[in-house]
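Worksheet: one structure, shown below.
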Amino acid sequence: MKYPDDIDFYYFLENHGWSTCLIFVSGNIYKMGPTHIFGNPIVALLNAVTELLKARTKPKFIWHDEPVSKWSIN
């Protein structure tokens with residue numbers, strides 16, 4: 001990635017405990033469908049971003065998708 005502005009992030013809160021997240025990185029699209037069953041995925045993301053902005057250690061969070069996949073951001 002040449003510039004930090006090469007990243008676009010879209011998060012859609014859907015019905016019935018689902019969300020859709022699209023991340024565009026340097027022309028590539030990554031789609032995730034985090035579930036809200038194990039917690040609130042947007043809160044997990046915002047807590048990690050807050051930690052990052054405070055220049056603390058590398059933040060981590062996990063988004064669970066169904067039926068069995070899991071996204072881990074380190």
Quiz prompt | Interatomic distance, T20 atom OG1 to Y11 atom OH [nearest 0.5 angstrom] | solution = 8.5 Å

Quiz item: Are L22 and L46 connected in a single hydrophobic cluster, I mean Ile/Leu/Val/Met/Phe/Trp/Tyr linked by side-chain heavy atoms less than 4.5 Å apart?
Solution: no

Self-check item: Shortest non-hydrogen separation from L13 to S19 and the atoms involved
Solution: CD1-OG, 3.6 Å

Quiz item: Which heavy atom of P41 sits nearest a heavy atom of W63, and at what distance?
Solution: O-NE1, 2.9 Å

Quiz prompt | side chain to side chain contact (heavy atoms under 4.5 Å, CB included) assessment of I42 paired with H36 | solution = CA-CA 9 Å; I42 196 68; H36 293 245; 5.6 Å; no

Quiz item: Are F9 and F24 an aromatic pair by the rule of ring centers under 6.0 Å?
Solution: no

